[in-house]
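So you know, we letter chains A, B, ... as the sequences are listed, proteins then strands, and number each from 1.
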2 protein chains.
Amino acid sequence: MANIKDVAERAGVSVATVSRVLNGRSPVAETRERVLAAVEELGYRPNVVARALRTARTRTLGLVISDLRNPFFTELADAVEQEARRLGYSLIIGNAGESPEQQDDYIRTLLDRRIDGLMVSSAGTGSAMLREVVAAGTPLVLLDRSVPGVAAPCVRAEGRAALTGLAAHLAALGRRRPAVIVAPAGTPIGDERLELFRAALLAHGIALPPERIGSSPDLSPSGGRQVTRDLLDLAEPPDAVLATDNLMALGALDEVRARGLRVPDDLALVVFDDVPWFAHTDPPLTAIAQPTRELGRAAVHTLLERIEGRPAGSVLLPARLVVRRSCGEPPTH
Amino acid sequence: MANIKDVAERAGVSVATVSRVLNGRSPVAETRERVLAAVEELGYRPNVVARALRTARTRTLGLVISDLRNPFFTELADAVEQEARRLGYSLIIGNAGESPEQQDDYIRTLLDRRIDGLMVSSAGTGSAMLREVVAAGTPLVLLDRSVPGVAAPCVRAEGRAALTGLAAHLAALGRRRPAVIVAPAGTPIGDERLELFRAALLAHGIALPPERIGSSPDLSPSGGRQVTRDLLDLAEPPDAVLATDNLMALGALDEVRARGLRVPDDLALVVFDDVPWFAHTDPPLTAIAQPTRELGRAAVHTLLERIEGRPAGSVLLPARLVVRRSCGEPPTH
DNA sequence: GCTGCGGATGTAATCGATTTCTTGGGGGCT
DNA sequence: AGCCCCCAAGAAATCGATTACATCCGCAGC
């Protein structure tokens, strides 16, 4: 593979001149053309590794995601990747599989590769490694999940408006005994959703007692199914369920079907994260849609601000209530 | 961030000695310990970029996938990533979004980054860039989709046994008018599945006439729905449908529901690719499961063989028929 | 006691780019 | 005509590692 020296020789100039032509500095028309011709003829492409060593910029970003197989995160990763590429950056995606150790391990690898910046959708609670990243001065942006004690901007969605709308929707349809399936204890974002929902329900005089809040052992269909089983076994079972993650909602649907119950007649079901599949279930599920692609784009932009040394704050984008038919009464339009 | 020189100074040795200690060559116990102590104290981590420049090995692999949001490919990518990492390699994932231009663009970027090897699940038909990769001597492995004219090992699943089993299954259940939804014309793997299925049906005396083969304009739910609409509008509509991709199957399910038909009573439905979701549809879908994770692992292993200069052939892994309830008659066990 | 060998370690070249410093020549101003 | 300035372009330093080659040492064999 041709290198810059080959090009210089062929064009009869020095390597410095070649570099300058390619980086758009100084040289004059005639020399410039000779160089470009040589580049063309040799099919020369600059060695990104050498450039990175010299400039200390790799033009690579890292993204550590908590679970790549969760379709919400898949779409998020896809959005991040596209935006990064559009802006001339490559992306290395690391999958933490909801394991903090694996997450730290991956962050280590990414730092070793001298990525220019890092986005993390953190698994579990705090992480010593994240604090280390900040201390080392590597630009960091938290994605979807904020981490207490880590001084970095966080890009995520907030559900106040959507949950307020949802409470009104449920109240209007006469649902009085809502339940919530929340993520494993300690996930800050899950707790926040719960509290916002509780407040929104209260405005309609609807209570959310502790026994109708089920905490799943993990973010999976089977966890969601287990919690749903317990909820339906209550003396006063709920007439509506909000799942705070899409995988857990799948499990809820399974349990409901297994009991021969029907959605929405016997139970209303609402899911957080509007992944494409939920438009294809029977019935189509009412969902709280996070602005996934916008989140991805915002994360990249925020990170680039930090990389270029500008200060950048957190970003909160509103989630949207998407009414389908899983709470009863089809939308009127 | 500390570099090798800092470590050398602190340990009172030369950089060469530090390098040798860290790479497990020669030095004697006493020196060795001084170096390791210095590494520890400074929190030294070798600069991967510099190492890559010198050794001409980046320990990074590239994976270009045709559509990251298709759950089959998501799982494939996840499997590849895990195996690569286990073997000490990082992975850069590129999403071609089923566009050949974007695919070529991405391959270009990956070559520029001097990845050690490349895996491609090619979008569309042939590609000049792929031939260029081979010509440039970069180790290449084709994944899931073979590309005519490109001399590289291909790792994919083959469906003979599964489709033979499926034909028998359908015949046993009395389905006589099967239909197939195939991917856009020219996708070699779709054609192969079609021909294998046709042959398997023939063994049971069941024909697969051209009008019951619907070609979708793209790999999407709406494409699948459109094709299903046409199939159901036939004078003699099919009593079973095989979708050769999971997204198209979703669209088929939509159309069936919209017409108030029931699966499996009115129509049997079988899907290629057993993504987790299909166990949660109503009814759970009978599927042809590709050994996704094994494919991912095999791809990485094959690629590493090539990287290390050993010859490596193609890998064909058998797909499995997973009987659920979408063709009627629940499995007996 | 000299030669030679090998093990531990240092010196310096190298990978391929960017960038600083230097040089030389041409043109404008007085 | 002389001076200065500026601009194009080359020479060489640099990034941080690996590694070929050189050096120095002690010890064994004759």
N or O in side chain of A:Thr31 less than 4.0 angstrom from D:dA9 OP1/OP2: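 Checking A:Thr31 against D:dA9: at least one side-chain N or O falls below 4.0 Å of OP1 or OP2.
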Under 4.0 Å protein heavy-atom contacts per nucleotide of nucleotides 11-16 of chain D, with B for base, S for backbone only and - for none: B-BBBB
Sugar-phosphate only, base, or nothing, as touched by A:Val13 at under 4.0 Å among non-hydrogen atoms: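 Since only primed, P, OP1 and OP2 atoms lie under 4.0 Å of A:Val13, the category is sugar-phosphate.
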Sugar-phosphate, base or nothing in reach of B:Ser19, heavy atoms under 4.0 Å: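 Contact class for B:Ser19: base.
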Any heavy-atom pair between the side chains of [Y] and [X] that's under 4.5 Å?
X: A:Asp78; Y: A:Gln82; answer: yes
X: A:Gln290; Y: A:Asp273; answer: yes
X: A:Val120; Y: A:Leu118; answer: yes

Interatomic distance, A:Arg45 CZ vs C:dA17 P [rounded to whole Å]: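 Answer to the nearest Å: 12 Å.
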Euclidean distance, atom CZ of residue B:Arg57 to atom P of D:dT19 [Å, nearest integer]: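 The distance from CZ of B:Arg57 to P of D:dT19 comes to 11 Å, rounded to the nearest Å.
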Derivation and outcome, side chain to side chain contact (heavy atoms under 4.5 Å, CB included), residues A:Ser66 and A:Arg145: CA-CA 10 Å; A:Ser66 41; A:Arg145 307 176 179 186; 3.3 Å; yes
Pairing of A:Arg45 and B:Asp112 as salt bridge, 4.0 angstrom limit: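 Yes, this pair counts.
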Sequence neighbours excluded, every pair satisfying salt bridge (Lys or Arg N to Asp or Glu O under 4.0 Å) that has a member inside residues 85-95 of chain A: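 Listed once each, the pairs are A:Glu81-A:Arg85, A:Glu83-A:Arg86, A:Arg85-B:Asp105.
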